[in-house]
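Have a look at the structure below before the remarks.
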Amino acid sequence: MIIDSQGDLTLAVEQAMAGTPDGRLREIMGALVRHAHAFIREVRPSEEEFERGLDFLVGIGQATGETNNEVVLAADVLGVSTLVGLLNKPLDGVRTAPALLGPFWRKNAPECALGDSIVRCGTPGPRLVVRGQVRDLSGNPIAGAKIDVWQASPVGLYENQDADQPAMNLRGLFTADASGHYHFETIRPAGYPVPTDGPVGDLLRAQLRHPYRPAHIHFMVTAPGHATLITQIFADDQERLDSDVTFGVLKPLVATFETTEDGRPALRCDFVLEPGETRIPKAPIP
Ligand code: BEZ
Ligand code: FE
């Protein structure tokens with residue numbers, strides 16, 4: 001169609017894309033264009049503001065590389081990653097709530113025996129036992145479930161951000177026993193700021209937002225016949241639980257400390273998986 005006014009544009013673009021053979025792509029792009037046009041009509045950016053917006057998108061691409069994924073970070077601080085998680089796995093009080101993957105998960109964490117420590121050097125910090133059980137929706141234990149765990153150090157850095165930590169420090173892959181139980185030793189993670197040296201940091205400063213995530217441990221739990229669970233557990237004594245910069249703290253993911261039979265501090269992290277397929281995400285950074 002030949003465009004006669006701004007009002008024609010949305011339809012013109014939708015018509016241009018109408019022949020997309022992939023129905024889901026057609027639906028997604030149609031909605032994207034309708035919402036993007038509605039957004040532009042609402043905010044009416046000046047040409048200069050439009051240029052700034054495009055520069056932000058270019059900037060998040062350019063700031064993405066070997067050690068940082070600024071695109072994932074932008075999705076996280078805008079609440080998009082958590083929203084996608086919650087729409088795919090609404091909170092139902094039964095299966096474990098999801099949480100964002102974050103940029104620091106790595107493939108091929110070292111396989112560990114139950115009870116092993118994931119502290120791979122003399123990283124100082126208060127020791128912690130993490131233990132729990134993996135179950136299905138009916139409460140049956142899932143023997144052999146794989147629990148991939150990763151966390152920041154007590155100074156708030158993942159090993160792949162920190163030259164002082166050995167490779168794969170504070171990461172491990174555990175296999176639940178015949179009753180679905182697992183346990184391992186670690187040190188208490190600290191809260192940390194998300195990377196703020198790129199365009200997302202500029203945005204947070206412009207919004208007077210702090211860049212911190214409360215301390216947490218990440219888990220990816222898989223078992224044949226069950227949907228992959230990606231989640232995080234937060235301890236209830238942490239600061240900033242109510243202002244996580246990435247909106248990852250969901251009520252059911254806040255755990256309380258307990259004490260082991262021999263008096264060590266422990267965090268109980270039980271996981272309930274739903275039926276589905278194992279899908280391993282692409283690592284945000286290599
Ligand atoms: C994380 O939890 O590892 C994380 C999430 C979003 C941004 C940065 C880090
Ligand atoms: Fe994290």
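Just follow the structure's listing: the first ligand is 1, and inside any ligand the first atom is 1.
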(Q) Heavy-atom count check: over 12 atoms from other residues, nucleotides or ligands less than 6.0 Å from F257 CZ? (A) yes
Q | Over 12 non-hydrogen atoms of neighbours within 6.0 angstrom of CD in E47 | A | no
Q: Spell out the protein N/O/S atoms under 2.8 Å from the Fe ion (ligand 2) as residue plus atom name.
A: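 Protein N, O or S atoms closer than 2.8 Å to the Fe ion (ligand 2): Y158 OH, Y192 OH, H216 NE2, H218 NE2.
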Q | Side chain proximity check, T246 to T82, heavy atoms < 4.5 angstrom | A | no
Taking the six-membered ring for Trp, is the centroid-to-centroid distance between [X] and [Y] below 6.0 Å?
X	Y	value
Y182	F174	no
H181	H183	no
F271	F219	yes

Q.
Looking at E185 and R127, is there a salt bridge between them, counting it only when a charged N and a carboxylate O are closer than 4.0 Å?
A. no
Q) Does a salt bridge link R135 with E274, judged by any charged N lying under 4.0 Å from a carboxylate O? A)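 Looking at R135 and E274, the cut-off is not met.
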Q: Begin with the C-alpha distance, continue with both residues' side-chain angles, and end with the deciding distance and a verdict on salt bridge (charged side-chain N to carboxylate O under 4.0 Å, His left out) for D148 and K146.
A: CA-CA 6 Å; D148 188 348; K146 297 281 183 192; over 6 Å; no
Ligand 1 polar-atom proximity to protein (N/O, under 3.5 Å):
unit_1   : atom_1 : unit_2 : atom_2 : d
ligand 1 : 2 (O)  : Y192   : OH     : 2.7
ligand 1 : 2 (O)  : R213   : NH1    : 2.5
ligand 1 : 2 (O)  : H216   : NE2    : 3.1
ligand 1 : 2 (O)  : H218   : NE2    : 2.9
ligand 1 : 3 (O)  : Y158   : OH     : 3.2
ligand 1 : 3 (O)  : Y192   : OH     : 2.8
ligand 1 : 3 (O)  : H218   : NE2    : 3.1

